[in-house]
Amino acid sequence: MLGLDALELARIQFAFTVSFHIIFPAITIGLASYLAVLEGLWLKTHNEAYRELYHFWSKIFAVNCGMGVVSGLVMAYQFGTNWSFFSEFAGSITGPLLTYEVLTAFFLEASFLGVMMFGWGRVSPRLHFLSTCMVALGTLFSTFWIL
């Protein structure tokens with residue numbers, strides 16, 4: 001295909017995946033904190049504008065979070081398939097860091113994301129706010145382990 005060898009095709013594929021993946025976590029990190037601020041302001045002031053903004057941005061957050069997970073999984077598999085020598089060489093360093101990220105940040109985020117997305121009106125406002133804050137904290141932990 002256009003005179004490209006396997007290494008160049010693997011680089012193009014990985015560049016495409018990384019280019020799209022980096023967009024989603026970057027937006028998710030900021031948006032999770034923004035949602036926590038919006039819900040906190042709504043709890044403090046009971047201004048309906050904050051609640052409406054929260055509901056609008058939470059839908060975008062959910063789609064963005066899902067796309068980030070999907071593109072991140074593809075990227076992780078590419079490490080093992082396209083860059084197996086790199087994974088063999090640096091796996092003892094990158095493997096535990098990615099494991100810590102999944103065990104601390106991703107599970108924290110995923111556990112409270114369901115309450116955040118579907119708990120409005122089903123759990124107390126304070127518990128819902130706590131779940132939003134835990135999702136925001138999970139995104140920050142994720143940032144720490146990945147960087």
Query raised in the report: When you look at Arg11 and Trp83, which way does the side chain to side chain contact (heavy atoms under 4.5 Å, CB included) test go after all the steps?
Result: CA-CA 9 Å; Arg11 286 178 176 169; Trp83 310 109; 3.4 Å; yes

Query raised in the report: Taking all atoms of both residues into account, what is the closest heavy-atom pair of Ser87 and Phe79, and its distance?
Result: OG-O, 2.8 Å

Report task. Please lay out, stage by stage, how Arg122 and Val115 fare under the test side chain to side chain contact (heavy atoms under 4.5 Å, CB included). Result -> CA-CA 9 Å; Arg122 292 183 177 91; Val115 176; over 6 Å; no

Query raised in the report: Are Phe106 and Phe141 close enough, and set up right, to give a ring-ring contact (aromatic ring centres under 6.0 Å, His included), and what steps lead you there?
Result: CA-CA 8 Å; Phe106 180 73; Phe141 280 166; over 10 Å; no

Query raised in the report: Hey, mind stepping through Trp120 and His55 against side chain to side chain contact (heavy atoms under 4.5 Å, CB included) and telling me if it holds?
Result: CA-CA 10 Å; Trp120 197 278; His55 286 298; 3.4 Å; yes

Query raised in the report: How long is the gap from CG on Leu130 to CD on Glu39, to the nearest 0.5 Å?
Result: 10.0 Å

Report task. Describe, in one word, how the ring planes of Trp42 and His46 are oriented to each other, choosing from parallel (under 30°), tilted (30 to 60°) and perpendicular (over 60°). Result -> perpendicular

Query raised in the report: Just wondering, do Thr99 and Trp145 contact through their side chains at under 4.5 Å, heavy atoms?
Result: no

Query raised in the report: Partners of Tyr77 by ring pair (Phe, Tyr, Trp, His ring centres under 6.0 Å), sequence neighbours excluded?
Result: none

Report task. Taking Glu52 for its side chain and Ala49 for its backbone only, find out whether a donor-acceptor pair lies under 3.5 Å. Result -> no

Report task. List for me each residue that meets salt bridge (Lys or Arg N to Asp or Glu O under 4.0 Å) alongside Arg51, sequence neighbours excluded, and say none if there are none. Result -> Glu48

Query raised in the report: Looking at Pro96 and Ile93, what are the two nearest heavy atoms and their distance?
Result: CD-O, 3.5 Å

Report summary line: Here the pair of heavy atoms bringing Thr17 nearest to Ser71 is CG2-O, 3.8 Å

Requested in this report: Could you tell me which non-hydrogen atom of Met117 sits nearest to which non-hydrogen atom of Ala62, and how far apart they are?
Outcome: CE-CB, 3.6 Å

Report summary line: In this structure, CG of Leu103 is separated from CG of Leu108 (nearest 0.5 Å) by 12.0 Å

Report summary line: The reported gap from CG in Leu35 to OG1 in Thr132 (rounded to nearest 0.5 angstrom) is 7.0 Å

Report summary line: dist Ile27:CD1 -> Met67:CE (nearest 0.5 Å) comes out at 11.0 Å

Report task. Report the C-alpha separation of Met116 and Tyr54 in whole Å, then their side-chain angles, then the decisive distance to 0.1 Å, and conclude whether the side chain to side chain contact (heavy atoms under 4.5 Å, CB included) test is met. Result -> CA-CA 11 Å; Met116 183 182 130; Tyr54 177 88; 3.1 Å; yes

Query raised in the report: What distance separates Glu109 CD from Thr104 OG1, expressed to the nearest 0.5 Å?
Result: 10.5 Å

Report summary line: Tightest non-hydrogen contact, residues Gly68 and Phe24, listed as CA-CB, 3.6 Å

Report summary line: For Thr45, the side chain to side chain contact (heavy atoms under 4.5 Å, CB included) test, sequence neighbours excluded, returns Asn47, Tyr50

Report task. State, to 0.1 Å, how close Ala105 and Ser142 come at their nearest heavy-atom pair, and which atoms those are. Result -> CB-N, 3.2 Å

